[in-house]
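Keep in mind the model is a prediction, meaning the values are calculated, not measured. Chain identifiers are assigned alphabetically (A, B, ...) following the order of the sequence lines, protein sequences preceding nucleic acid strands; residue numbering begins at 1 within each chain. Note: hydrogens, waters and symmetry copies are ignored here, and every other heavy atom, side chains too, is used.
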Number of protein chains: 2
Amino acid sequence: MKADAAVTALGALAQDHRLALFRLLVQAGEGGLAAGVIAEKLGVPNSSLSFHLAQLREAGLVLQERQHRSIIYRANYPAMNALVAYLMENCCAGAADCGAGAACETPAQERKSA
Amino acid sequence: MKADAAVTALGALAQDHRLALFRLLVQAGEGGLAAGVIAEKLGVPNSSLSFHLAQLREAGLVLQERQHRSIIYRANYPAMNALVAYLMENCCAGAADCGAGAACETPAQERKSA
DNA sequence: TCCTCATTTCTATATTTATCAAAATGACAT
DNA sequence: ATGTCATTTTGATAAATATAGAAATGAGGA
């Protein structure tokens, strides 16, 4: 992942409606959600939501697909994982007590190594 | 972690100088780096760097500590981990084929489960 | 074809953010 | 105490981003 792609992705997430929206899609899973459903859940006007969805889509964090009359959005999990990996890349310069210790570890990893 | 803390943290990272700076500190490890050293490495004027360091500090992503004449900055690893965890929280609504599959997994996790 | 529904684009305004020179601060050494 | 070095604050300007109503698009159903 390149630096400016990461900046774009982080900027897309750095807004309350968009962060809530992205987490909603992350939790919704591969099935995704229709734009209208999201707008209703978040209490945001359609035009605003469309703007935010476009930001996330341009950042590569969500994917869209038409289904009948609705447009379904879903989280782009590989993009999310790549962003997190970029953030933690070469953590502690690869010191042994880093990945396995308290520093560069997600909660999921902690569970596994505990 | 609360939503607005996450937005603040993501916003702090959503800027090219700050992202480079944070990654520099993540890779530097617990020893950290002095403000002046960072400014030189990134080629940013001191006043600009100070602005960006303050953003990261207010977002809770970096910690500062005076050492002799310099001020040493280092990454706040638990804050970083909490942010990532918040992003991935309850991924795929906890479906069994999610955490262990292709979806909600960091590269580090992939290595372990492969 | 024509109508209707879901979503996006347009438009204009308000808010937030980035930049960096210059001045101010604050700690250490002598 | 005084000088000096490292860093932060100030201040003024430029640029990017958020908001939402109204109009436009575009796919399906009757």
* **d(CZ, A:Arg57; P, C:dT7) in whole Å** => 14 Å
* Structure fact -> Closest non-hydrogen atoms of B:Ala3 and A:Leu19, given as atom of the first, atom of the second and distance, are O-CD2, 3.9 Å
* Structure fact -> Heavy-atom contacts, protein to nucleotides 18-30 of chain C, under 4.0 Å, summarised as B (base), S (sugar-phosphate only) or - (none) per nt, yield SBBBB----SBS-
* To do: Considering only heavy atoms of chain A and a distance under 4.0 Å, specify the first and last nucleotide of DNA chain D in 5' to 3' order that meet this criterion.
  => D:dA18 to D:dG29
* Please lay out, stage by stage, how A:Leu13 and A:Leu83 fare under the test side-chain contact (heavy atoms from CB on, under 4.5 Å). => CA-CA 11 Å; A:Leu13 293 170; A:Leu83 178 62; 4.0 Å; yes
* Of all the heavy-atom pairs spanning B:Ala34 and B:Ser70, show the shortest one and how long it is. => CB-CB, 3.9 Å
* Asked: Who pairs with A:Arg74 by side chain to side chain contact (heavy atoms under 4.5 Å, CB included), at least two apart in sequence or on another chain?
  -> A:Glu30, A:Leu63, A:Glu65
Name each donor-acceptor pair under 3.5 Å that joins a side chain in residues 35-55 of chain A to protein atoms two or more places apart or in another chain, with its distance.
from: A:His52; atom 1: ND1; to: A:Arg18; atom 2: NH1; distance (Å): 3.0

* Rounded distance [0.5 Å steps], CZ in A:Arg57 versus CG in A:Asn76 -> 12.5 Å
* Note the angle between the end axes of the helix from C:dT1-D:dA30 to C:dT30-D:dA1, five pairs defining each, rounded to 10 degrees. => 30°
* Asked: How would you list all residue pairs meeting salt bridge (Lys or Arg N to Asp or Glu O under 4.0 Å) that involve residues 79-89 of chain B, not counting sequence neighbours?
  -> A:Arg23-B:Glu89
* **Selection residues 26-50 of chain A - residue pairs positive for ring pair (Phe, Tyr, Trp, His ring centres under 6.0 Å), sequence neighbours left out** => none
* Euclidean distance, atom CG of residue B:Leu10 to atom C1' of C:dT17 [Å, nearest integer] -> 16 Å
* To do: Would you please name every residue forming a side-chain hydrogen bond (donor to acceptor under 3.5 Å, both in side chains) with A:Arg69, sequence neighbours left out?
  => none
* Do you know which two heavy atoms are closest between B:Ala12 and B:Ala59, and how far apart they sit? -> CB-CB, 3.7 Å
* **Interatomic distance, A:Leu49 CG vs C:dT9 C1' [rounded to whole Å]** => 14 Å
* Asked: Which residues pass the side-chain hydrogen bond (donor to acceptor under 3.5 Å, both in side chains) test with A:Glu58, sequence neighbours left out?
  -> none
* Asked: Looking at residues 19-43 of chain A, who's got a heavy atom less than 4.0 Å off DNA chain C?
  -> A:Ala34, A:Ala35, A:Gly36
* Asked: Hey, what do you get for CD1 (A:Ile71) to CD (A:Gln64), rounding to the nearest 0.5 Å?
  -> 5.5 Å
* **side chain to side chain contact (heavy atoms under 4.5 Å, CB included) against A:Ala75, all qualifying residues, sequence neighbours excluded** => A:Phe22, A:Leu25, A:Val26, A:Tyr77
